[in-house]
Asker: 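Got a structure here, written out as structure tokens. Questions coming.
Computation of the quantities below employed the complete heavy-atom set of this structure, encompassing side-chain atoms and omitting hydrogens, waters and symmetry-equivalent molecules.
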Amino acid sequence: MDVMGDKATLFESGRFVQPSGEEPTRDEVSDMGDAAEEVRLALAAQSGDAEAASVLGAMLLRRGDLDGAEAHLRAATAAGDRAAANNLGVLLHQRGYPEEAAGWWRIAAVAGSAAAAHALGRYHRERGDEPAAEYWLRQSAEQGHVLGAYALADLLEHRGDVGAEHWMRAAAERGHREAAYRLARALDHTEGHEDESGSDNAVAEAEQWYRQAAARGHRRAALHLGAILEKRGELKEAGRWYLTSAKDGEARAACALGFLLRDAGDTESAAVWWLRAAQEGDGNAANALGALHAERGETQTAERWYRAALDAGDDNGAYNLGLLCAEQGRTAQAEQWYRRAAYAGHREAANALAILLLQGGDTTGAEPWFSKAAEAGSVDAAFNLGILYAGRGTGQAAEMALRWYERAAAAGHTEAALQVGIARLREGDEREAERHLRCAAGGGSAEAAYRLATLLDARRPPEPAHELGEIVHEKTECEEWYERAATQGHRRAQVRVGMLAAARGDVVEAARWYRAAAEAGSRNGAFNLGLLLAREGSEPEAAVWWTRAADAGHGRAALRLALVYARRGELAEGQRWADRAVALGPAEVAERAGRLRDALREELSA
């Protein structure tokens with residue numbers, strides 16, 4: 001076999017041809033098919049030049065001239081040319097003679113042809129002979145053949161062999177785009193199983209391989225690269241990769257590009273890409289189109305797209321159909337769609353179904369759906385279960401309610417955290433109460449902010465005095481929480497902020513907050529505003545606010561009105577308000593009002 005020549009020289013000669021459908025390798029060179037060169041090679045082959053016959057045969061094989069190529073390849077093979085033996089195997093495989101092809105590949109592979117070893121390995125794998133396949137693929141891979149390395153990695157990965165990553169990486173490093181993509185996917189999948197630094201490294205390396213594969217035209221790699229960049233906030237570059245992938249026919253990229261454009265405010269362009277993706281069977285895009293038309297009030301079109309999403313296997317389609325029907329008051333149909341999605345495992349549909357049943361008075365039917373949704377991870381369902389159990393009173397039901405509230409709170413549900421905080425306050429566990437109230441207040445709950453402020457307020461020491469006797473006021477944390485709740489419209493917080501402002505002499509600020517609370521319906525706010533106005537000499541206006549407070553059941557406001565009318569000499573009106581104050585209380589007010597009423601009665605009867 002020495003006549004087959006130097007391996008490196010043969011690799012550079014372009015005399016090895018791969019089976020059709022494979023990526024080009026170093027065994028191939030650019031086409032030399034110019035007419036003069038072909039004539040020169042033909043003359044040399046006729047004169048017995050085996051190398052010329054081999055190169056000419058490879059040239060004709062690439063061109064698809066199997067009849068013309070076979071004679072030259074057989075002649076070169078007979079002269080001991082291993083490249084010709086490999087190419088003869090390719091030709092025979094194309095003609096439908098795989099066993100004969102394998103025979104020639106074996107001859108070339110034994111002589112050192114990496115391309116032939118690769119082809120022979122694939123032949124054995126297709127026939128289920130994995131040991132033989134691994135042997136020949138390993139021979140090819142160890143000689144640096146990129147397709148051999150990838151095929152070996154694929155075989156080992158199929159068997160769960162740890163050596164697969166080494167060869168997949170070797171193929172990727174030599175520019176195999178599918179290997180680069182699969183290596184990136186493997187790194188993506190292992191991301192959550194490492195420590196934080198390992199996870200960051202895996203993401204960075206995955207991105208590198210996605211980039212390599214995407215740059216070589218791998219559309220799914222471009223999709224995943226776009227997703228990584230979008231998650232990182234690099235939206236412009238993410239959009240470019242989504243666009244590249246979408247133009248190559250990746251429906252998921254077209255859908256993702258649509259969402260990116262929608263978030264940028266370009267709904268028209270978003271709809272164009274969603275339509276393209278939906279027409280290619282992407283259920284998510286169909287749902288997005290449905291939602292877009294639903295927002296425009298085009299319910300029939302929205303329903304059509306939701307049904308298309310469902311036909312594409314996306315259970316969100318059934319859930320969205322349920323929402324659409326519920327908004328239109330078609331309760332029976334909404335329940336039907338919710339059930340369909342819920343039975344398919346859609347947790348939010350299960351929660352919506354439970355709410356629908358609960359609204360219809362079917363508590364028994366609602367509870368298991370709440371449970372299924374909550375167990376599947378629905379935070380809203382966990383909170384709703386808490387409400388359901390809380391409505392059943394104390395004891396075990398209250399414990400179950402707290403358990404579900406805690407579960408929802410742990411997942412970031414603001415109202416659930418508030419309920420846990422209130423429960424812990426009742427139990428006297430201020431430390432846990434404060435922790436949950438802070439979570440709820442930070443999540444935007446005005447009630448939580450107010451309760452947290454009152455908790456901190458109770459711990460607040462007396463304000464220190466200035467050395468010259470003036471009180472130095474610095475806003476405390478509890479005041480900041482009161483103000484946050486007040487600005488969110490919490491009436492009791494508004495009254496408290498007004499009281500704090502009044503205490504430091506800021507009458508204008510106090511009046512502003514009292515008025516805000518009073519106008520929102522707070523009887524304490526109205527009463528305090530009246531006090532402030534009376535002190536400022538505006539008793540007629542004060543009486544207006546006290547009247548509003550007294551009508552809402554504020555006993556002290558009624559007593560103040562009784563005193564106002566008594567001073568004015570309107571004794572009957574004064575007596576009426578005194579009677580009201582006695583009825584409203586509290587005890588101290590009732591006692592004073594009673595004495596005033598009796599005095600007015602005596603005065604009237606005198």
Asker: Determine the minimum heavy-atom distance between A448 and A441, stating which atoms define it.
Answerer: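 Smallest heavy-atom distance, with atoms named: CB-N, 3.5 Å.
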Asker: Would you say CZ of R431 has more than 12 non-hydrogen atoms from neighbouring residues, nucleotides or ligands within 6.0 angstrom?
Answerer: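 Not more than 12 within 6.0 Å, no.
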Asker: What I'd like to find out is whether the side chain of Y123 reaches to under 4.5 Å of the side chain of P98, using heavy atoms alone.
Answerer: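 Side-chain contact under 4.5 Å: yes.
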Asker: Taking the side chain from Q488 and the backbone from G444, do they hold a donor-acceptor pair closer than 3.5 Å?
Answerer: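 Yes: the side chain of Q488 pairs with the backbone of G444.
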Asker: May I ask you to decide whether E205 forms a salt bridge with R169, counting only side-chain N to carboxylate O separations under 4.0 Å?
Answerer: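 Answer for the salt bridge query: yes.
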Asker: Specify the closest pair of heavy atoms between S522 and V495, including all atoms of both residues, with the distance to one decimal.
Answerer: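 Where S522 meets V495 most closely, the heavy atoms are OG-CG2, 3.6 Å.
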Asker: Are E237 and R232 within salt-bridge range, i.e. N to O under 4.0 Å?
Answerer: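 Result for this pair is no, no salt bridge flagged.
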Asker: As a quick check of understanding, evaluate side chain to side chain contact (heavy atoms under 4.5 Å, CB included) for L152 and S140, giving each step before the final call.
Answerer: CA-CA 9 Å; L152 176 60; S140 175; over 6 Å; no
Asker: Just checking R340: does its CZ atom have more than 12 heavy atoms from other residues, nucleotides or ligands closer to it than 6.0 angstrom?
Answerer: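 It does not: R340 CZ has 12 such atoms or fewer within range.
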Asker: Ignoring hydrogens, what is the shortest heavy-atom contact between L229 and A238? Give both atom names and the distance.
Answerer: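 Looking at all heavy atoms of both residues, the closest pair is CB-CB, 3.8 Å.
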Asker: Do R216 side-chain atoms and G175 backbone N/O form a donor-acceptor pair below 3.5 Å?
Answerer: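 Looks like yes, one N/O pair under 3.5 Å.
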Asker: Taking atom types as modelled, find out whether N316 and D314 have a side-chain donor-acceptor pair closer than 3.5 angstrom.
Answerer: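 On atom types as modelled, these side chains qualify, holding a pair under 3.5 Å.
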Asker: Might you point out which heavy atoms bring A214 and A221 nearest each other, and give the distance in Å?
Answerer: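 For A214 versus A221, the nearest heavy atoms are N-CB, 3.7 Å.
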Asker: Taking the side chain as everything from C-beta on, heavy atoms only, tell me whether D154 gets closer than 4.5 Å to W167.
Answerer: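 They are not in contact (no side-chain heavy atoms under 4.5 Å apart), so the answer is no.
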Asker: Closest approach of A277 and C255, non-hydrogen atoms and distance?
Answerer: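 Reported closest heavy-atom pair: CB-N, 3.8 Å.
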Asker: Could you go step by step and tell me if L61 and Q94 meet the side chain to side chain contact (heavy atoms under 4.5 Å, CB included) rule?
Answerer: CA-CA 10 Å; L61 179 58; Q94 290 180 16; 4.1 Å; yes
Asker: Would you confirm whether R252, through its side chain, and D282, through its main-chain N or O, come within 3.5 Å as a donor-acceptor pair?
Answerer: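 Not at all, since once roles are kept as given, no pair shorter than 3.5 Å links the two residues.
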Asker: Check side chain to side chain contact (heavy atoms under 4.5 Å, CB included) between A350 and all other residues, then give those that pass, not counting sequence neighbours.
Answerer: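 A350: side chain to side chain contact (heavy atoms under 4.5 Å, CB included) contacts with A342, W369, A373.
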Asker: Is a side-chain donor-acceptor pair under 3.5 Å present for Y210 with D188?
Answerer: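 Indeed, the side chains of D188 and Y210 share at least one donor-acceptor pair under 3.5 Å.
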Asker: When the aromatic ring centroids of F259 and W274 are compared, is their separation below 6.0 Å?
Answerer: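 Yes, close enough.
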Asker: Determine whether the side chains of D457 and Y482 contain a donor N or O and an acceptor N or O closer than 3.5 Å.
Answerer: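 Note: D457 and Y482 side chains meet the donor-acceptor criterion.
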Asker: Counting only heavy atoms not in E173 (residues, nucleotides, ligands), do more than 12 fall under 6.0 Å from its CD?
Answerer: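 Above 12, so yes.
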Asker: Side chains of R138 and L156: closer than 4.5 Å at any heavy-atom pair?
Answerer: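 They are in contact (side-chain heavy atoms under 4.5 Å apart), so the answer is yes.
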Asker: Quick one, H124 and L120 - any side-chain contact, counting heavy atoms below 4.5 Å?
Answerer: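 Sidechains of L120 and H124: in contact.
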Asker: According to side-chain hydrogen bond (donor to acceptor under 3.5 Å, both in side chains), does anything in residues 352-368 pair up with another residue at least two apart or in another chain? List the pairs.
Answerer: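 Pairs touching residues 352-368 that pass the test: E367-Y389, E367-R392.
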Asker: Does some side-chain heavy atom of F383 sit less than 4.5 Å from a side-chain heavy atom of Y405?
Answerer: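 In short, these two side chains touch, coming nearer than 4.5 Å.
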Asker: Can any side-chain N or O of R484 pair as donor or acceptor with the backbone N or O of A446 at less than 3.5 Å?
Answerer: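 Flag not set: sc R484 to bb A446 has no pair under 3.5 Å.
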Asker: When you measure from the side chain of Y242 to the backbone of A227, do you find a donor-acceptor pair of N or O atoms at a distance under 3.5 Å?
Answerer: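 Yes.
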Asker: May I ask you to check whether W513 and E509 show a side-chain donor-acceptor distance below 3.5 Å?
Answerer: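 Short answer, yes.
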Asker: Salt bridge or not between R403 and E399? Use side-chain N to carboxylate O under 4.0 Å.
Answerer: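 Between E399 and R403 there is no salt bridge, as every charged N stays at least 4.0 Å from the carboxylate O atoms.
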Asker: Is any side-chain heavy atom of E268 closer than 4.5 Å to a side-chain heavy atom of L261?
Answerer: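 E268 does not reach L261 side chain to side chain.
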Asker: Examine distances only and state if a side-chain atom of R174 and a backbone atom of A170 form a donor-acceptor pair shorter than 3.5 Å.
Answerer: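 Such a contact is found between R174 side chain and A170 backbone.
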Asker: Restricting to non-hydrogen atoms, name the atom on A246 and the atom on A253 that form the minimum distance, rounded to 0.1 Å.
Answerer: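 Taking A246 first and A253 second, the nearest heavy atoms are N-CB, 3.7 Å.
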Asker: In terms of side-chain heavy atoms, does R185 have a donor or acceptor partner in H224 at a distance below 3.5 Å?
Answerer: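 Per modelled atom types, R185 and H224 side chains form a pair under 3.5 Å.
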Asker: Heavy-atom distance under 4.5 Å between the side chains of E434 and L456, does that happen here?
Answerer: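 Contact flag for E434/L456 side chains = yes.
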Asker: Among side-chain atoms of N384 and N351, is any donor-acceptor pair under 3.5 angstrom?
Answerer: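 Side chains of N384 and N351: pair found under 3.5 Å.
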Asker: Return a table of donor-acceptor pairs under 3.5 angstrom between the side chains of residues 414-426 and protein atoms on other chains or two or more places apart.
Answerer:
unit_1	atom_1	unit_2	atom_2	d
R424	NH1	E427	OE1	2.7
R424	NH1	E427	OE2	3.3
R424	NH2	E406	OE2	2.3

Asker: Does R220 come within less than 4.0 Å of E250, counting only side-chain N to carboxylate O?
Answerer: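 No salt bridge links R220 with E250.
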Asker: Is there a donor-acceptor pair under 3.5 Å between the side chain of Q328 and the backbone N or O of C325?
Answerer: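 No; zero donor-acceptor contacts below 3.5 Å.
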Asker: Is any NZ, NE, NH1 or NH2 atom of the basic residue among E477 and R438 found under 4.0 Å from an Asp or Glu carboxylate oxygen of the other?
Answerer: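 Yes, this pair counts.
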Asker: Quick one, D129 with R125, criterion side chain to side chain contact (heavy atoms under 4.5 Å, CB included). Give me CA distance, side-chain angles, the key distance, then yes/no.
Answerer: CA-CA 5 Å; D129 187 353; R125 188 176 182 188; over 6 Å; no
Asker: Using ring-ring contact (aromatic ring centres under 6.0 Å, His included) as the criterion, list what pairs up with H436, not counting sequence neighbours.
Answerer: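 Testing H436 for ring-ring contact (aromatic ring centres under 6.0 Å, His included), a comparison that skips the adjacent residues, returns none.
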Asker: Could you check whether any side-chain heavy atom of W337 comes within less than 4.5 Å of a side-chain heavy atom of Y319, counting everything from C-beta outward?
Answerer: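 No. Closest side-chain heavy atoms not under 4.5 Å.
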Asker: Checking side-chain polar atoms at under 3.5 Å, does R182 have a donor or acceptor matched by the opposite partner on Y150?
Answerer: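 Yes, side-chain donor-acceptor contact under 3.5 Å.
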Asker: Among residues at least two apart in sequence or on other chains, which ones pass side chain to side chain contact (heavy atoms under 4.5 Å, CB included) with T301?
Answerer: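 Side chain to side chain contact (heavy atoms under 4.5 Å, CB included) check on T301 returns H293, E298, R304, W305.
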Asker: Does Q212 use its side chain to pair, donor to acceptor, with the backbone of A172 at less than 3.5 Å?
Answerer: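 Yes: the side chain of Q212 pairs with the backbone of A172.
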Asker: So for atom CD, which belongs to Q396, do other residues, nucleotides or ligands contribute more than 12 heavy atoms lying within a distance under 6.0 Å?
Answerer: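 Atom CD in Q396 is not crowded, with 12 or fewer foreign heavy atoms closer than 6.0 Å.
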Asker: Salt bridge between E130 and R122, side-chain N to carboxylate O under 4.0 Å?
Answerer: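 Judged by the 4.0 Å cut-off on N to carboxylate O distance, E130 and R122 do not form a salt bridge.
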Asker: Flag the pair E375 and R407 as a salt bridge only when some basic side-chain nitrogen lies within less than 4.0 angstrom of an acidic carboxylate oxygen.
Answerer: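 Yes, charged N to carboxylate O under 4.0 Å.
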Asker: Is E447 salt-bridged to R451, cutoff N-O under 4.0 Å?
Answerer: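 A salt bridge links E447 with R451.
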Asker: Sequence neighbours excluded, which residues qualify as ring-ring contact (aromatic ring centres under 6.0 Å, His included) partners of F370?
Answerer: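 Scan of F370 (ring-ring contact (aromatic ring centres under 6.0 Å, His included), adjacent residues dropped) gives none.
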Asker: Donor-acceptor pair, distance only, cut-off 3.5 Å: does the side chain of T487 make one with the backbone of E483?
Answerer: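 Side chain of T487 to backbone of E483: a pair is present.
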Asker: Just by modelled atom types, is the R219 backbone N or O under 3.5 Å from a matching donor or acceptor in the Y181 side chain?
Answerer: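 Not confirmed, Y181 side chain does not pair with R219 backbone.
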